[in-house]
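Reviewing the structure listed below.
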Amino acid sequence: NAGVTQTPKFQVLKTGQSMTLQCAQDMNHNSMYWYRQDPGMGLRLIYYSASEGTTDKGEVPNGYNVSRLNKREFSLRLESAAPSQTSVYFCASSDMTGDGTDTQYFGPGTRLTVL
Amino acid sequence: DQQVKQNSPSLSVQEGRISILNCDYTNSMFDYFLWYKKYPAEGPTFLISISSIKDKNEDGRFTVFLNKSAKHLSLHIVPSQPGDSAVYFCAASVWGGSQGNLIFGKGTKLSVKP
């Protein structure tokens, strides 16, 4: 059971380049999330997918797009990278339990630098 | 404006003593709270949670206390161990609410000295 996996672990881009961050989970969770973490900040939600086939904006969606490819995979795309998108990106997944609680499980992160 | 606040960026504790990490929230709709632990270069890992119908939840060395009237929760680690050195994030959500509304604090870096 790998849990939540993310690729790549590290990436350096030039301003204006595009890339896709990949995320997969093997816990059969319905919901998946993309967060970014900046120095001295908590995690901020970029986009989430409550279930396969649906996606919704979080707190900081500008400059990003997402695709929920299937139940296991949720990708994050930067169409035209900017230095302000330099951050550590975390993918997470969760499933609503019978009592309504929703614990999210995180991947190891992708450290992205945009020059 | 921050809905979840962790006002202490760092905390240093001696091994074997108690560590107390604090968290305040402003949104009275929050009724489910979680603590995550994060080591450098790793993703956050779930530690413990509490719903607003309780005022205490315990799991081994970790206990979370919730004071709803003060909109305050705290995480107690007893006894503290060097392996507990990490950044601890408090998070809050509305129980059974819409997906994606887990709000995180900025974190407190705990250092446990041998």
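As the structure is a prediction and not an experimental result, all values here were calculated from the model. Atom set for the values below is all heavy atoms of this structure, side chains included, hydrogens, waters and symmetry mates excluded.
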Inset, instruction - Below 4.5 Å from any heavy atom of chain A, which atoms of B/Ala41 appear? Answer side chain, backbone, both or neither. - result: backbone

Legend entry - Pair A/Ser31-A/Tyr48, side-chain donor/acceptor within less than 3.5 Å: no

Legend entry - Option in B/Gly105, B/Pro9, B/Cys90 with maximal non-hydrogen atom pairs under 4.5 Å from chain A: B/Gly105

Inset, instruction - Name the region of A/Gln37, side chain, backbone, both or neither, that has any atom closer than 4.5 Å to a heavy atom of chain B. - result: side chain

Legend entry - Residues clustered with B/Ile18, ILVMFWY side-chain links under 4.5 angstrom: B/Ile20, B/Val78

Legend entry - Shared-cluster residues of A/Tyr47, by chain and number - hydrophobic side chains joined below 4.5 Å: A/Leu13, A/Met19, A/Leu21, A/Met32, A/Trp34, A/Ile46, A/Val60, A/Tyr64, A/Val66, A/Phe74, A/Leu76, A/Leu78, A/Tyr89, A/Leu112, A/Val114

Legend entry - B/Ser69 versus B/Asn67, side-chain donor and acceptor atoms under 3.5 Å: yes

Inset, instruction - Would you mind checking which part of B/Lys38 comes under 4.5 Å of any heavy atom in chain A, side chain (CB onward), backbone (N, CA, C, O), both or neither? - result: side chain

